[in-house]
Amino acid sequence: MDDKFLKPYDPAITENRIYRMWEESGFFNPDNLPDELVSENGKPYTIVMPPPNANGDLHAGHALFVSLQDLLTRFKRMQGYRALWIPGADHAGFETQVVYEKKLEKEGRSRFGMDPKELYEEILAFTLANKSTMENQVRALGASCDWSREKFTLDPDVVERVQDTFIKMFNDELVYRGKRTVNWCPKHQTSLSDIETTSVEEQTPFYTFKYGPFEIGTVRPETKFGDKYVVMHPEDERYAQYAHGDTFDLEWINGPITATVIKDTSVDPDFGTGVMTITPWHSGIDFEIAKRHNLDFEQIIDWRGKLLPIAGEFTEMKITDARQKIVEKLEAKGLLVSTNTDYKNVVKRCYKCNSMIEPQVKDQWFVKMAPLAEKAIEAVNAGDIRFIPEHEEKIFRHWMEDTLDWNISRQIIWGIPIPAWFKDGEARASRVCPGEGWVQDIDTFDTWFSSGQWPLMTTRYPDGKDFETHYPTDVMETGRDIIFFWVARMICFGLYLTGKAPFHTVYLHGLVNDAQNKKMSKSKGNVINPLELTDKYGTDALRMALIVGNTPGTDLALREDKIKGYKNFANKLWNITRFILENTEDVDSGVPLTADDYAMRSELTALISDITKDMDAYRLYLAAEKIYHYIWDRLASEILEDSKKIFANESETEAIASRKALLRSLLRDILTILHPFMPFITEEIWQSIPETQGMLLVSPWPQVSVAASDTTHAPS
RNA sequence: GGGCGAUUAGCUCAGUUGGUAGAGCGCUUCAUUUACACUGAAGAUGUCGGGGGUUCGAGCCCUCCAUCGCCCACCA
């Protein structure tokens with residue numbers, strides 16, 4: 001027996017060495033798997049890793065997905081599949097640019113006013129440095145992914161194919177250039193998609209003003225300068241005397257104006273006075289009304305959130321400062337009817353900086369979602385895509401059934417350029433300049449436009465070898481929080497470009513929260529760095545803590561005492577090994593088992609069968625717990641204790657020989673089934689068992705259908 | 001406003017098709033080097049949120065209610 005078993009298990013001196021051995025073996029690449037492991041049909045099994053944002057360290061959520069995906073990959077590899085797990089990194093356009101802007105801010109610099117090319121080069125250097133740190137962190141977590149296939153979302157081939165998709169969609173009329181209301185973040189100076197904003201209910205004073213013969217309500221007096229349309233429901237009898245198109249003069253904020261009556265069914269007669277004025281440039285609903293009636297649009301608020309000259313004396317004032325002053329002025333003019341301070345309404349904010357989103361009208365590229373969503377729902381209906389947990393399917397449908405068109409233009413430099421050109425109001429999609437006088441779009445794609453095509457990019461759509469063998473992939477394992485951002489888009493793109501859903505199973509994990517089950521955030525200062533935990537307790541312990549009892553879709557409170565418990569478990573396993581190796585040095589694996597030992601052998605075989613079913617059904621949290629209990633409570637507490645008695649009775653040579661064979665057999669099997677969960681310690685022990693060959697990484701999962709090993713050890 | 005989920009031991013959570021309530025941590029007592037003190041043995045702790053129903057039998061199925069959480073949402 002190796003002397004190392006005389007000391008407690010030390011992950012620190014083990015993990016790097018083991019990982020290097022695995023990586024150097026080349027077996028993370030399924031093309032290199034030994035024939036004897038790959039079952040006859042050599043079926044592929046493929047997982048695409050959600051590419052971490054290459055803009056910082058890995059967080060606890062990454063540790064969870066690495067644990068889960070590595071577990072699935074190792075399990076399938078051991079079962080004889082050509083298991084492929086493709087790693088990657090995301091340039092994460094907007095997110096990274098925000099991170100970098102904060103860095104610039106600290107240095108007293110700003111992206112505004114910087115040469116775009118220079119800024120791009122700086123962010124690129126920053127991202128590439130982070131990317132390599134991140135990759136090593138993924139290695140430290142034990143990920144058995146195929147690094148030779150790693151992709152980055154800004155790899156030239158990815159950029160080209162993502163642009164090709166846009167061009168194809170343009171030709172298929174699935175993207176269009178539209179002047180429409182967009183979510184504008186005045187701090188970040190870019191538009192955002194609807195899901196990049198958060199809606200927060202806030203208490204905002206609701207003002208009612210006299211507006212000619214009417215009374216109108218608003219929470220945004222600062223937009224009212226341009227309001228020259230008064231809108232009411234066509235069947236509202238209170239206003240029957242006014243006809244659509246009637247005009248009238250009134251005294252307004254900065255003097256007399258002429259207003260026009262508009263009748264539109266979108267107005268709720270029961271809300272307020274049933275009359276409102278509209279600001280088409282700064283409200284989505286108003287925009288729609290104005291478009292229906294072909295009304296004028298006028299910008300009131302500039303891109304930085306300051307009032308334009310139309311505001312007269314309020315010009316250049318920030319809207320937040322102007323609001324109260326405008327109300328005061330209207331009040332002084334006797335136009336303020338009432339103020340309701342209890343009023344609550346929903347305000348949109350930037351999901352990154354929490355700034356108030358200013359609706360602005362802007363020319364942008366939009367993806368027509370309805371036809372894509374329809375295909376996605378069809379695929380789910382047909383059972384081509386299964387969600388785990390199941391109820392996520394309802395959430396998915398709910399969103400898909402009335403999804404809005406997707407704004408994919410971003411006014412940031414850190415991203416994939418949109419291959420579009422403009423001339424005289426005409427737009428064309430092309431990677432090269434269509435001719436003289438054409439000006440290229442300076443915007444970049446929403447990051448999710450490229451990551452939405454990730455299963456295609458990583459398998460080298462459209463004509464790569466992997467695309468043929470590994471697409472569609474098997475499982476998409478990712479966070480529940482990005483089901484709309486990412487999962488939905490991947491399904492849409494996959495179906496659109498290939499006619500096939502990019503995966504048959506979506507496994508959604510919950511958030512990893514702190515010990516108090518509070519969401520981790522930098523501002524709260526409760527962020528747990530997974531690498532510190534692996535240093536302290538070992539990667540295997542962290543992985544078990546993330547998997548046991550963590551049901552899909554449920555958030556997890558990450559507690560150090562739980563991780564510590566699995567560190568103790570690792571040591572327990574270490575000492576079980578020590579006991580077995582110490583007591584079985586002269587084992588003869590061919591001896592027949594006693595009836596008792598045969599029963600114990602069968603018991604483990606039954607357990608393996610059971611946990612194999614759990615794994616197939618994605619009850620990973622249960623499988624892990626069952627193995628844990630078998631090892632600690634059954635094997636260590638009972639079988640080993642029982643063995644001490646047998647070994648003490650030296651005259652019972654047959655029983656002793658049988659027990660020795662049994663213990664070795666049990667040890668090999670528990671290492672095997674525990675390997676996907678705790679890869680490092682199981683491999684380390686495997687390497688120290690005299691009769692094992694090669695790596696546990698590529699050792700077969702125990703047979704469960706026919707208990708083949710049992711027949712060779714039939715009772716005497 | 002709409003949707004989804006949760007409510008089980010002090011804490012964090014499991015409980016796979018309905019069949020005598022489980023784990024980890026914590027707590028109490030004992031053991032002091034026996035493979036392991038990163039240990040062992042023994043133990044305490046739950047009207048499984050509440051009401052009603054189905055069933056021989058409900059933590060699990062149905063229904064209503066309460067509380068908490070999350071997501072979606074263009075009533076100014």
Side-chain angles (χ1 to χ4, degrees), chain A residues 1 5-10 181 194-195 197-199 201 204 206-208 216-220 223-224 227 231 266-279 283-289 343 345-346 348 359 389 391-399 401-404 480-481 483-484 510-511 513 515-517 519 537-538 541 544-545 548-551 553-583 610 613-614 617-619 621-626 628-629 632-633 636-637 640-641 643-644:
Chain A
M1 186 191 69
F5 290 109
L6 300 176
K7 283 179 281 182
Y9 173 64
D10 183 359
T181 308
D194 292 296
I195 52 176
T197 65
T198 53
S199 301
E201 190 173 79
T204 320
F206 183 83
Y207 302 100
T208 305
I216 56 120
T218 185
V219 291
R220 300 205 63 192
T223 64
K224 295 288 145 190
D227 288 15
V231 191
S266 68
V267 178
D268 178 359
D270 297 327
F271 183 84
T273 57
V275 183
M276 65 179 189
T277 59
I278 57 170
T279 316
S283 154
I285 322 163
D286 295 3
F287 178 87
E288 292 302 323
I289 295 172
Y343 186 74
N345 80 327
V346 174
K348 276 190 174 186
H391 73 254
E392 294 289 345
E393 183 186 315
K394 285 188 228 164
I395 294 170
F396 175 80
R397 273 176 198 280
H398 193 247
W399 191 71
E401 272 159 14
D402 53 5
T403 180
L404 301 164
R480 194 185 49 158
D481 50 330
I483 184 168
F484 305 139
L511 256 46
N513 293 329
Q516 281 72 44
N517 216 356
K519 191 170 175 173
Y537 302 104
M544 278 297 270
V548 176
N550 184 14
T551 47
T554 306
D555 293 350
L556 175 80
L558 185 58
R559 300 155 59 100
E560 283 207 31
D561 58 3
K562 187 176 179 188
I563 307 170
K564 197 178 158 198
Y566 291 107
K567 178 183 161 58
N568 295 350
F569 174 61
N571 198 50
K572 188 77 182 177
L573 180 64
W574 195 248
N575 284 294
I576 289 168
T577 306
R578 175 177 162 186
F579 177 88
I580 293 178
L581 292 184
E582 268 177 349
N583 286 286
D610 190 29
K613 277 183 207 143
D614 285 333
Y618 298 97
R619 292 189 294 260
Y621 51 100
L622 268 189
E625 203 178 348
K626 284 175 186 174
Y628 173 91
H629 284 296
W632 200 308
D633 300 328
S637 297
L640 256 46
E641 291 305 318
S643 302
K644 286 178 190 170

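Candidate nucleotides B/U16, B/A76, B/C4 were compared by shortest atom distance to the side chain of A/His391, and B/C4 ranks first. Checking B/C72, B/A76, B/U12 against the side-chain heavy atoms of A/Trp399 singles out B/C72 as nearest. In the set B/A76, B/C36, B/A14, B/A14 carries the atom at the smallest distance from any side-chain atom of A/Glu625. In the set B/C38, B/A73, B/A35, B/A73 carries the atom at the smallest distance from any side-chain atom of A/Val346. Between B/A23, B/C13, B/A35, one nucleotide has an atom nearer to the side chain of A/Phe579 than all others, and that is B/A35. Nearest nucleotide to the A/Tyr628 side chain, out of B/U12, B/C36, B/G24: B/G24. If you check B/U16, B/U12, B/A35 against the side chain of A/Asn575, the one that comes closest is B/A35. Side-chain atoms of A/Lys626 lie closest to B/U16 of the nucleotides B/C38, B/U16, B/A35. Side-chain proximity of A/Ile285 to the nucleotides B/C74, B/A23, B/A35 is greatest for B/C74. For A/Asn345, the side-chain atoms get nearest to B/A76 when compared with the rest of B/G3, B/A76, B/C36.
When heavy atoms are screened at a 4.0 angstrom cut-off, A/Tyr343 is found touching the sugar-phosphate backbone but no base atom. Here A/Thr279 lies out of heavy-atom contact (under 4.0 Å) with every strand. Contacts of A/Leu404 with the nucleic acid, taken as non-hydrogen atoms under 4.0 Å apart, involve only primed sugar atoms and P, OP1 or OP2. Contact annotation for A/Tyr621: backbone-only contact, meaning every heavy-atom pair under 4.0 Å involves sugar-phosphate atoms and none involves a base. Within the nucleic acid shown, A/Asp561 comes within 4.0 Å of sugar-phosphate atoms alone, with no base atom in reach, counting heavy atoms only. Residue-level contact check: A/Gly565 touches neither bases nor backbone, having no heavy atom under 4.0 Å from any strand. Using a 4.0 Å heavy-atom cutoff across all strands shown, A/Val267 reaches at least one base atom of the nucleic acid. Within 4.0 Å (heavy atoms only), A/Ile395 reaches sugar-phosphate atoms of the nucleic acid but no base atom. In this structure, A/Phe484 reaches the sugar-phosphate backbone alone: every heavy-atom distance under 4.0 Å involves primed, P, OP1 or OP2 atoms, never a base. No contact: A/Val231 has no heavy atom under 4.0 Å from any strand. Residue contacts shown for A/Gly274 include a base, since a base heavy atom lies under 4.0 Å away. Nucleic acid contact for A/Lys7: none, since no nucleic acid atom lies under 4.0 Å from a heavy atom of the residue. Within 4.0 Å of A/Lys613, counting heavy atoms only, lies no atom of the nucleic acid at all.
For the pair A/Ile576 CD1 and B/G40 P, the computed distance is 10 Å after rounding to whole Å. A/Phe287 has its CZ atom 13 Å from the C1' atom of B/C74, to the nearest Å.
When the side-chain nitrogen and oxygen atoms of A/Lys519 are compared with OP1 and OP2 of B/C70, none of them lie within a distance under 4.0 Å. Distances shown here put every side-chain N or O of A/Trp632 at or beyond 4.0 Å from the OP1 or OP2 atom of B/C38. An OP1 or OP2 oxygen of B/A14 is reached within less than 4.0 angstrom by a side-chain nitrogen or oxygen of A/Thr551. At the phosphate of B/C13, OP1 or OP2 sits under 4.0 Å from a side-chain N or O atom of A/Asn517. Distances shown here put a side-chain N or O of A/Lys644 below 4.0 Å from the OP1 or OP2 atom of B/A35. For the OP1/OP2 pair of B/U39 and a distance below 4.0 Å, the side-chain nitrogens and oxygens of A/Asn568 include at least one atom meeting the criterion. The phosphate of B/G5 (OP1 or OP2) has a side-chain N or O of A/Lys394 nearer than 4.0 angstrom. Not one side-chain nitrogen or oxygen of A/Ser283 sits closer than 4.0 Å to the OP1 or OP2 atom of B/C75.
Taking the P atoms as reference points, B/G10 lies 8 Å from B/U47, given to the whole Å. B/A9 and B/G22 have their C1' atoms separated by 10 Å, given to the nearest Å.
The OG1 atom of A/Thr554 lies 7.5 Å from the CZ atom of A/Arg480; values are rounded to the nearest 0.5 Å. In this structure, the separation between CZ on A/Arg220 and CG on A/Asp227 is 11.0 Å, given to the nearest 0.5 Å. Between A/Ser266 atom OG and A/Ile289 atom CD1 the span is 3.5 Å, to the nearest 0.5 Å.
With hydrogens and angles ignored, a donor-acceptor pair closer than 3.5 Å exists between the side chain of A/Arg619 and the base of B/U16. At a cut-off of 3.5 angstrom, the base of B/A35 holds at least one donor-acceptor pair with the side chain of A/Glu641. The base of B/C25 is not paired with the side chain of A/Lys562 by any donor and acceptor separated by under 3.5 Å.
Contact of the A/Tyr9 side chain with the A/Asn575 side chain is not registered, since no non-hydrogen atoms from C-beta on lie closer than 4.5 Å. Counting heavy atoms from C-beta on, the side chains of A/Glu288 and A/Thr181 never come closer than 4.5 Å. Considering only heavy atoms from C-beta on, A/Leu640 comes within 4.5 Å of A/Phe579 through its side chain.
Between the side chains of A/Lys224 and A/Thr277, a donor-acceptor pair is found at a separation under 3.5 Å.
Between A/Leu556 and A/Ala570, the residue whose closest nucleotide on RNA chain B is further toward the 5' end is A/Leu556. Both A/Phe569 and A/Asn550 lie near RNA chain B, and the one whose nearest nucleotide falls closer to the 5' end is A/Asn550.
Ring-centre distance between A/Tyr566 and A/Tyr537: not below the 6.0 Å cut-off.
Counting only Watson-Crick or G-U wobble pairs whose defining distances are both under 3.5 Å, the stems of 3 or more consecutive pairs in RNA chain B are B:1-7 with B:66-72, B:10-13 with B:22-25, B:27-31 with B:39-43, B:49-53 with B:61-65.
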**salt bridge (charged side-chain N to carboxylate O under 4.0 Å, His left out) assessment of A/Asp555 paired with A/Lys519** = CA-CA 9 Å; A/Asp555 293 350; A/Lys519 191 170 175 173; over 6 Å; no
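A/Ala557 approaches A/Ala515 most closely through the heavy-atom pair CB-O, 3.9 Å.
Summarising the local packing, NZ of A/Lys564 is surrounded by 12 or fewer heavy atoms from other residues, nucleotides or ligands at distances under 6.0 Å.
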